[in-house]
Structures are given as structure tokens and as C-alpha cells.
Amino acid sequence: RGAHAAAGTREGWKPQDTDVTQCDYWRHCSIDGNICDCCGGSLTNCPPGTRLSPSSWIASCFNPGDNQSYLIAYRDCCGKNVCGRCGCLNTEGELPVYRPEFANDIIWCFGAEDDAMTYHCTISPIVGKA
Amino acid sequence: RGAHAAAGTREGWKPQDTDVTQCDYWRHCSIDGNICDCCGGSLTNCPPGTRLSPSSWIASCFNPGDNQSYLIAYRDCCGKNVCGRCGCLNTEGELPVYRPEFANDIIWCFGAEDDAMTYHCTISPIVGKA
Amino acid sequence: LAGGAAYAQEGPRGSELPKQLGQEATSDLEDNPVILSAPEPDARRIYVTDPAHFAVTTQHFTVDGNTGKVLGMVDGGFLANPFASSDGSFFGIASTVYSRVAKGQRDDYIEVYDSKTHEVIADIDIPESRFLVGTYPWMTTLTPDSKSLLFYQFTPSPQVGLVDIENKKFVRMLDVPDCYHIFPSGNDTFFMHCRSGTMAKVTFDKDGKVEVKETEVFHAEDEYLINTPAFSLKAGQIVWPTYEGKIFLVDISSGEAKFGQHFDVFTEEEKKDNWRVGGWLPVAYHRGTNEIYLLGDQRAKWTHKYSSRFAFVHDAKTGKRIRKIDFGRDIDSIAVSQDDNPQLYALSTGEKTLYILDAATGKEQHSVPELGHGPQVIIAHDN
Amino acid sequence: LAGGAAYAQEGPRGSELPKQLGQEATSDLEDNPVILSAPEPDARRIYVTDPAHFAVTTQHFTVDGNTGKVLGMVDGGFLANPFASSDGSFFGIASTVYSRVAKGQRDDYIEVYDSKTHEVIADIDIPESRFLVGTYPWMTTLTPDSKSLLFYQFTPSPQVGLVDIENKKFVRMLDVPDCYHIFPSGNDTFFMHCRSGTMAKVTFDKDGKVEVKETEVFHAEDEYLINTPAFSLKAGQIVWPTYEGKIFLVDISSGEAKFGQHFDVFTEEEKKDNWRVGGWLPVAYHRGTNEIYLLGDQRAKWTHKYSSRFAFVHDAKTGKRIRKIDFGRDIDSIAVSQDDNPQLYALSTGEKTLYILDAATGKEQHSVPELGHGPQVIIAHDN
């Protein structure tokens with residue numbers, strides 16, 4: 001995939017639970033941006049030198065591995081220019097901006113250290129079962 | 001061609017004299033950057049809002065139209081981020097940096113208004129017969 | 001060569017003519033290069049914005065629909081919002097930059113450009129709080145007289161910033177309810193869409209006193225209104241599709257929000273065949289013919305931001321379908337020129353290419369490739 | 001909701017938690033996200049720089065040759081030059097930014113990063129005059145003790161800037177002759193290559209007094225030395241190919257410039273078949289084995305900056321060819337790790353991909369795609 005964010009396809013969301021660096025990894029069901037694992041971070045940790053956002057948008061993602069749905073709280077890693085690797089746009093359950101907590105076009109760096117508000121990449125930690 | 005500067009090919013320089021927006025247009029024989037005609041300028045004029053450089057590197061380019069060689073004084077149009085369209089890298093007669101007047105990796109905006117030194121695109125005016 | 005010459009008091013600027021080159025670096029030319037100006041804008045002058053997938057610098061291309069030529073471009077910072085005066089005299093961006101590329105000191109500003117020379121005619125400092133979100137056209141909007149600019153702030157709380165473009169200075173932040181988007185109906189009045197599902201009418205006076213009046217709720221909670229409706233400032237008409245292709249019409253030309261007869265673009269049969277709305281700017285509105293253009297395709301649920309291959313043209317008054325255009329490729333955003341022989345602009349973010357079609361026949365007239373890294377937004381003066 | 005609340009004295013920062021969201025925006029997590037650190041650099045830790053075809057922002061990727069993983073990245077401004085301390089403790093860039101993206105106030109600076117945390121450990125202001133040119137590795141060079149940095153200035157006149165990295169401050173500009181590139185042989189001595197075809201030895205003392213001594217001319221005028229030679233700081237060895245594949249060797253380890261026996265990589269027969277050097281960084285040098293790697297291909301004259309499909313490996317001492325590696329694709333830049341089992345790094349600017357090969361066998365071990373828009377430069381600590 002080029003640096004261009006690989007939008008999902010019209011066929012719809014078909015998640016896998018084996019490769020976190022691919023856009024169809026199940027936790028990325030409503031991610032809009034870059035997978036931190038490809039940028040020096042991991043599925044749930046930010047890359048070196050970035051600033052971890054304490055705020056997040058949320059989505060419920062189905063895990064084909066255990067047939068359970070989980071609430072994911074997508075956290076942005078901020079304070080660097082966009083990573084540019086593993087760009088993805090998935091919108092399962094993504095709501096318009098007037099429902100911000102479910103909207104993934106927003107730069108969700110609110111509260112990060114140094115007032116960092118530039119977008120680098122996103123991690124997909126679990127809140128709990130949906 | 002993608003935004004990537006289309007380097008010339010190992011087969012070497014085969015100029016044409018019909019389409020100035022293509023990298024193989026004869027005057028572009030030692031251009032490194034973007035053709036201003038694709039950026040709102042023309043073969044010999046800068047795009048709106050840029051700053052015209054009074055300095056230039058030079059090259060001798062063969063015009064297949066009249067079988068003459070001409071001295072081209074490549075002028076950069078400066079003060080904007082790189083145009084990104086019609087990117088070309090040709091190096092006919094291009095010399096190393098210690099022969100700067102023939103070197104095309106240098107940002108040749110010296111002397112432009114407002115001390116503009118960011119590179120936008122390049123024009124290919126003629127000095128005279130080579 | 002020995003000995004270090006005294007280092008000049010006023011440091012080098014790195015932009016001077018190199019002394020060691022002298023004449024070789026400046027030749028007399030047969031040609032006489034100048035800096036061009038773009039022609040006077042007409043209805044087919046459009047601006048294409050490349051947010052470049054959240055990069056800290058963006059590009060805003062000026063394109064002439066008549067020729068398919070790029071007339072020039074301006075640089076924006078992070079997620080810069082474009083705007084254009086309805087009289088065609090200027091355009092601009094609301095922008096955010098940082099002192100060390102993507103960190104350090106943040107600086108938000110409004111930059112205004114002459115629409116021909118593309119020279120900066122105003123650079124106005126604003127609070128470092130404009131909403132940083134994917135680029136939606138109607139979050140930063142000029143008032144009808146083009147004398148003021150309104151920009152949205154999401155945090156720390158919902159506010160709208162008022163900028164005096166004419167006198168080139170920031171005025172104040174206006175408190176607003178939990179609402180989004182800015183649709184001016186007058187020079188002191190604008191409408192927003194609220195989380196509750198209402199429209200809010202916000203009026204402000206010279207001293208910053210704000211009056212807010214909300215309409216009744218006009219759409220159900222699961223009728224999700226997309227982030228990028230079509231809005232005609234001159235007609236005072238908002239055309240607001242939902243994910244599933246229901247069109248809500250809001251007429252603010254009277255100064256009050258009047259809800260028109262909403263209608264579904266897709267027939268029951270088409271809905272059964274999974275026809276749904278999709279794209280970044282999937283809707284456009286042509287004032288003169290009162291026609292609505294909507295990007296749609298057969299797609300799964302929750303794929304509302306992905307590209308579509310078809311545009312459905314409907315009459316806003318009757319809701320009837322007039323025609324359907326097959327682009328034969330994936331298109332992410334559309335717009336139409338407002339003249340009587342309108343062009344349909346169809347932008348592919350993935351191909352970084354703008355296709356210019358005859359809006360009536362769908363015939364392709366021009367294509368404009370290499371528009372940055374991920375172009376998504378198209379705006380015009382005449383709107 | 002009526003009335004505008006007093007706009008907080010200290011303006012909004014646009015980065016606060018949005019009040020209107022409250023708890024919904026911050027959830028307690030099962031996982032416990034942290035900010036990672038990269039491992040301690042080894043000989044296979046490399047940095048790939050993307051000048052992005054003259055864009056005003058550049059990216060500098062940290063890559064682990066052992067795993068082929070991107071460990072992190074830092075942002076640079078216009079044509080930022082990367083450098084890395086030979087002890088592996090820090091790396092950095094010499095960078096240029098502008099207050100309005102690509103215009104306005106210019107600011108040149110040196111930024112130094114901890115090689116594990118990638119946090120900024122120094123941000124040093126320098127005169128706005130560093131040389132703005134395609135990214136050549138040896139225009140911005142640390143002294144052997146990694147305590148000072150030397151950067152090249154082309155205009156208004158040739159000078160070299162001295163920066164005290166240890167005390168994080170710019171010291172002074174040193175006048176130099178019309179010469180280029182900076183190859184330190186000591187902490188107060190560096191060599192340059194001059195327009196005249198000589199090497200200049202430049203020595204500077206605490207008070208800025210500069211001594212310059214030029215060698216004899218060591219190459220003919222039409223033997224064009226490429227802009228991007230290989231240089232081993234630790235071995236004090238410069239490996240300088242010409243367009244046609246003649247290798248000049250300059251040993252500065254003694255503090256004087258000693259010219260080794262130059263040799264031609266291509267045989268007479270290969271020359272007849274148009275074999276020539278080509279690429280951005282077309283040469284690499286492995287200290288331990290004293291082997292030179294040179295990118296070459298069959299090509300017309302004046303195509304010296306275009307990619308090549310082969311690397312020729314020669315013994316620097318004897319000039320003999322040891323082996324030839326076929327990449328099977330177009331490669332623009334190469335580098336080698338300095339350990340005893342070296343990796344060969346082969347970068348394709350067009351594919352934006354780094355290929356990591358076993359230097360001995362040429363077998364591919366990893367490939368690292370999506371390295372920006374036009375990556376061209378590879379550097380390492382252990383050099």
C-alpha cells in the first residue's frame with residue numbers, strides 16, 4: 001500500500017486476528033490514520049519521542065478469534081508529523097462529528113503532554129468486552 | 001508520473017520539442033525539480049505568488065527542432081513548498097557541487113525577493129546559442 | 001587564505017548571491033521571466049485542498065475548470081481549512097503551524113490571498129484553538145459580505161471565533177452550544193447543527209452578546225448526517241444527506257431554519273441492493289437548477305467515507321431522480337460549478353486526480369493529475 | 001445558553017480535554033499504553049532520510065537492520081542533514097524551517113536526539129545560512145569526539161559553522177576557501193575538496209583562528225568526483241568515485257591527506273559496454289574488510305544520478321574486483337554495516353523501500369516499504 005491511507009472497501013469489514021500491521025486487523029475496525037506498530041510503537045504503545053493522548057474515540061470491534069466484541073478506545077500518539085506507514089481508514093460504527101466520541105476524523109490528542117496536537121499514529125487498546 | 005521526480009533513464013537523453021510539460025522537453029536537459037508550466041507558471045515565467053530567482057545554474061541543451069544547442073540558465077521560482085507536479089531529474093552536462101554553476105542539486109534562489117529560499121519549481125529561459 | 005575573516009556583525013542570511021561565483025551565476029537572458037498572475041476568477045475557478053493524510057503541511061491548488069490547468073497554489077499548515085469570498089476577490093485558509101515542524105510553539109492564523117496574484121493580502125493571528133479535524137468545508141466560513149470569517153473551536157469548549165477580515169484582526173470567541181458547522185444566513189447570524197439533532201440559530205452583536213435559538217429536533221438519532229453537507233451561501237440552502245441517502249433540506253435564506261420536504265435518493269429496491277452514500281464530499285448542489293448530486297454505490301453498511309463510482313442527480317424540490325452518472329472509477333469528492341452550463345468536478349483521492357465533466361452529459365472534459373498526496377476537498381467562490 | 005461567557009484571559013490552547021465530552025472521552029483501559037524507547041544502537045542501526053523531492057518537511061526513519069523494523073522517526077525541515085555520533089549515544093539533524101510553511105521568517109537549527117528515547121536533548125540555534133542543497137551526507141559532520149558539529153555554508157561566501165554540541169551552542173563561522181564537504185581528521189581539523197581539484201586541510205583553534213593548507217591537484221578537471229563519496233570517520237578514509245568509475249582514495253587518518261593508489265572499477269571492456277556509476281549514494285566502504293561497494297549499470301553518459309541494478313565489490317588496497325551483486329531492481333543508494341558479518345542496505349527512492357541484504361551473499365533478508373515520499377540517504381553511528 002502506498003503512503004495513501006488504504007480505505008476499507010465497499011465490500012465491508014472482514015477482520016482477521018493474526019497481523020496487527022494490516023488495516024483489516026480486528027481492533028482497527030474504526031481507525032483513521034496510521035498503525036503505530038509500523039511507526040516504532042506497537043498495537044498498544046506509542047513510538048519513541050511521541051506524546052500519548054489520554055483521550056480517545058471508541059468503537060466496538062468484533063474479534064473473529066474468540067467471536068467476542070470488544071470496546072476499543074483508540075489513542076493517538078502525537079507531537080510528530082504523520083508516520084506515513086500503514087495508513088488505514090476503517091469506519092465500523094463510526095458516527096458523525098456531532099457524536100465526537102465515535103468520530104475518527106478528529107485529532108484525538110486532547111490532554112497529551114506539551115499540548116501536542118499533531119497526529120503521528122494510533123494505538124488500539126481494549127477497554128473491555130462490548 | 002507520480003509526484004516522484006521522474007529521473008531520466010539509463011538509455012540517456014532523447015529530447016523532443018513539442019510538449020514543455022514533459023521531462024524530455026529539450027530545454028529541460030539538466031533540470032532537477034518541477035516544471036513551472038505545470039504549477040501555474042510557464043516555460044519561462046514563475047507561478048503566481050512565488051519569488052523569481054535572479055541567479056541560475058546553466059546547461060547546454062540540444063534542440064532537435066533546429067539542430068542547434070542553446071545555453072539554458074535555469075531559474076528557480078521560490079518562496080512556496082515544492083509544486084509536486086511534473087517532477088523531473090535530468091543531468092545532461094550536470095557537474096558536481098564544486099562546479100556549482102553547473103550543479104542542479106543546489107537551491108538556486110540566491111537573490112530572490114524576501115530572501116525566499118524554499119524551492120517551488122524551475123523555468124528554462126535561454127541565454128543564447130551554446 | 002589563512003586567518004578567519006571577522007564574521008560579519010549582521011549574520012549571513014544564506015540567500016545572498018554567492019561571492020565566490022560572481023557573474024557565472026547571473027546570466028542575461030533572451031527571455032524575460034516574470035511572475036504570472038492568474039486570470040480573474042469565474043464560476044469555474046475552483047480550489048482543491050490536499051490534507052495529505054494528516055501531514056503538517058497541506059497544499060491548496062487553484063484550478064481553472066475551463067482548461068483543466070493548475071493556475072497556482074498556496075501552502076497551508078496542519079489540516080488547513082480553505083475558504084473563498086463569494087465575490088471572487090480573495091480566498092484564504094485557516095491554518096496551524098508549529099515552530100519545529102510538528103512540535104514546539106503552535107501558531108494558528110488566517111491567511112488571505114488575492115485571487116489573481118496569489119499574494120498574501122492579510123495574515124491574521126488567532127487563538128491557537130481552531131478545531132483540528134479532517135477537512136470539512138463548513139467549519140470555517142465567510143459571512144455573506146465577505147467582511148468577517150467564522151471558525152469553529154471544539155476544545156476546551158464549543159466556541160466560534162470571529163475574525164474581522166476587512167480590518168485584518170481577530171475579534172473574539174463566541175460561546176455556542178454543543179453544535180457543529182457554521183452556515184451564515186447574514187453578517188451577524190449563522191446556523192449550526194447540534195448534537196441533540198436540532199439546528200441552532202446564533203446571532204452576535206458588536207459587543208459580543210450572543211443569542212442562541214434552537215429549532216425542534218429534525219432527524220432521528222440513527223439518521224446520521226454526514227460531516228460534509230452541501231451549502232449554498234447565496235441561496236441560503238443546506239443539503240444534508242444521511243449515511244443511507246436520506247436528504248434533509250434546510251433553508252436559512254429567511255433568517256430562520258425552514259426544513260424542506262426530505263426525501264430518499266435510493267428507491268426501496270436500490271436499498272435492498274445495498275445502494276448507499278459514500279465519499280468525503282459526496283454531495284453537491286447546483287443553485288440555478290435546484291439539482292442535488294450525490295455520490296453512491298453498492299456497499300456494505302459503515303463504508304460511508306469510502307469512494308463511489310456513481311452520482312445520482314435529483315431535483316431538490318420534487319425529490320425526483322433526474323439522471324445517474326457513471327464515473328467508471330472510484331471518486332471520493334464532487335462539486336459543481338454554479339453557471340448555467342455547469343461542470344461536475346470529481347476528485348479521486350487515491351489517484352490524486354481531479355476529473356472535470358460536463359454535469360449534464362457526464363462527458364469528461366479534462367483531468368488534472370498530481371494534486372498532492374491525498375486531495376479531498378473542492379471549494380469555489382461562486383457558492 | 002444566551003450570552004457569551006467572558007473569554008478566558010489566557011486564551012484557549014485547543015489541546016485541552018473538551019468540557020462538553022467529559023468522561024466519554026477518557027476510558028479506563030485493560031492495556032496500559034506507554035511511550036516506547038528504541039533499543040541501544042548496534043552496528044546495524046541505520047537512519048534513512050527522505051528529502052521528499054525538495055519538500056519543506058523531511059522525515060528521518062530509524063531502522064533496525066537485524067529485524068527490518070522501523071524503530072521510530074524524527075521530523076526535519078527543508079533539506080535537513082542527518083548526522084549520528086560514532087559512539088551511538090545520539091543522532092541529529094541540521095534543519096531549516098519557516099514561520100509560514102515555506103515563507104516568512106527562516107530559522108536554522110541543530111536538533112539532537114537521544115538514540116533510544118528519540119527525545120530532543122539539544123535544540124541549538126545557528127545562523128540562517130546553512131547550505132540548502134540536495135542531501136549529501138558529508139556536508140554536516142560531527143568531530144571524532146562527537147563534541148562539535150561542523151556544517152557547510154555556501155553563501156554569501158564559503159564558510160564552515162562550528163557548533164558546540166556538548167554545551168549546546170553555536171560558536172562561530174570559519175572562513176574557508178572555495179571548497180566543499182567536511183571530513184574531520186581530528187577535533188580541530190577537517191578536510192575539504194576544492195574547486196581547483198585539491199584537498200584543503202583546515203585547522204581552527206579556540207579563538208577562531210583558521211589555518212588552511214591545500215594539497216596538490218589530485219584529479220583532472222574532467223574526472224568529476226560525485227557529490228556523495230563514502231567516508232569512514234573511524235578509519236579516516238575517503239572513497240571518492242568519479243562519474244566513470246575511477247576511485248580516488250584519500251587517507252586523512254594521519255592528519256595529512258595521503259592519496260592512495262586510485263583504480264578503475266570497470267574494465268576496459270566494461271567501459272566499452274557503457275558500464276558507469278549511477279545513483280544518489282552509489283558508494284559504500286566497509287572498514288573491516290577494506291572493501292568498496294559501488295553502484296553501476298550499463299548507461300549513457302550523464303546519467304550519473306539515476307539508479308543502478310548492480311553493485312561492484314572491490315578491494316580498496318589492490319583495486320581488484322571481489323564480486324558483483326545483482327539487485328534485480330533499480331537501487332539509488334547503498335550503505336553497509338561495519339560489523340564482521342555486514343549487511344548491505346539498498347534503497348530504492350522510486351519504490352520508497354529499503355532492501356536489507358547479506359553483504360557477502362547478496363541474499364535479501366528484509367524489505368522496509370513506505371519510507372516517505374522519496375528517500376535517498378542512509379547513515380549509521382558506527383562509521
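Atoms considered below: every heavy atom in the structure, side chains included; atoms not considered: hydrogens, waters and symmetry mates. Just so we're on the same page: letters track the sequence lines, and every chain starts at 1.
Checked against side chain to side chain contact (heavy atoms under 4.5 Å, CB included), B:Ala73 has the following partners two or more places apart in sequence or in another chain: B:Ser56, B:Ile58, B:Val127, C:Ser27, C:Leu29.
Of the listed residues (D:Arg100, D:Gln298, D:His181, D:Arg309), the greatest number of heavy-atom pairs within a distance under 4.5 Å of chain B belongs to D:Arg309. With respect to chain B, the highest number of heavy-atom pairs below 4.5 Å among D:Thr155, D:Leu225, D:Ile226 belongs to D:Leu225. The greatest number of non-hydrogen atom pairs below 4.5 Å with chain B, out of D:Val133, D:Asp332, D:Thr57, is found for D:Val133. Interface check for chain B: of the options D:Asp178, D:Asp297, D:Val101, the most heavy-atom pairs under 4.5 Å are formed by D:Asp297. In terms of heavy-atom pairs under 4.5 angstrom with chain D, the leader among B:Gly8, B:Gly79, B:Gly12 is B:Gly8. The most heavy-atom pairs under 4.5 Å with chain B, out of D:Leu132, D:Thr135, D:Thr96, D:Asn274, come from D:Leu132. Of the listed residues (B:Gly93, B:Cys78, B:Ala116), the one with the most heavy-atom contacts under 4.5 Å to chain D is B:Gly93. The residue among B:Val82, B:Asp115, B:Thr91, B:Leu95 with the most heavy atom pairs within less than 4.5 Å of chain D is B:Thr91.
Shown here is D:Glu216, whose CD atom has more than 12 heavy atoms of other residues, nucleotides or ligands within 6.0 Å. Residue-environment remark: CD (D:Glu221) stays at or below the threshold of 12 foreign heavy atoms within 6.0 Å.
Heavy atoms closer than 4.5 Å to chain D are found in the backbone of B:Thr9, but not in its side chain. With a 4.5 angstrom heavy-atom cutoff, B:Asn81 touches chain D via backbone and side-chain atoms both. Heavy atoms closer than 4.5 Å to chain D are found in both the backbone and the side chain of B:Glu94. Only the side chain of D:Arg106 comes within contact range of chain B, with heavy atoms under 4.5 Å apart. For D:Met192, no part lies near chain B; criterion is any non-hydrogen pair under 4.5 Å. Contact of D:Glu128 with chain B is not made at all, since no heavy-atom distance falls under 4.5 Å. Interface remark: B:Phe110 contributes side-chain atoms only to the contact with chain D (heavy atom separation under 4.5 Å). Contacts of D:Asp330 with chain B are made by side-chain atoms alone, with heavy-atom separations under 4.5 Å and no backbone atom involved. Interface remark: D:Phe54 contributes backbone and side-chain atoms alike to the contact with chain B (heavy atom separation under 4.5 Å).
For the pair D:Tyr180 (side chain) and B:Pro96 (backbone), a donor-acceptor distance under 3.5 Å is absent.
Identified by a heavy-atom distance below 4.5 Å to chain B, the contributing residues of residues 299-306 of chain D are D:Arg299, D:Ala300, D:Lys301, D:Trp302, D:Thr303, D:His304, D:Lys305, D:Tyr306, in residue-number order.
Residues B:Arg99 and D:Arg195 meet the side-chain proximity criterion, which asks for heavy atoms closer than 4.5 Å. Within the 4.5 Å cutoff, the side chain of B:Met117 has no heavy atoms near those of the D:Leu79 side chain. Side-chain contact between D:Phe154 and B:Val97 is absent, with no heavy-atom pair separated by less than 4.5 Å. Under the 4.5 Å side-chain criterion, counting only non-hydrogen atoms from C-beta, D:Ser307 is in contact with B:Arg10.
We find the CG-CZ distance between B:Asp105 and D:Phe131 to be 9.0 Å, quoted to the nearest 0.5 Å. Note that CG of B:Leu89 and NE2 of D:His53 are 10.0 Å apart. Values are rounded to the nearest 0.5 Å.
Across B:Lys80 and D:Ala102, no two heavy atoms sit closer than the pair C-CB, 3.4 Å.
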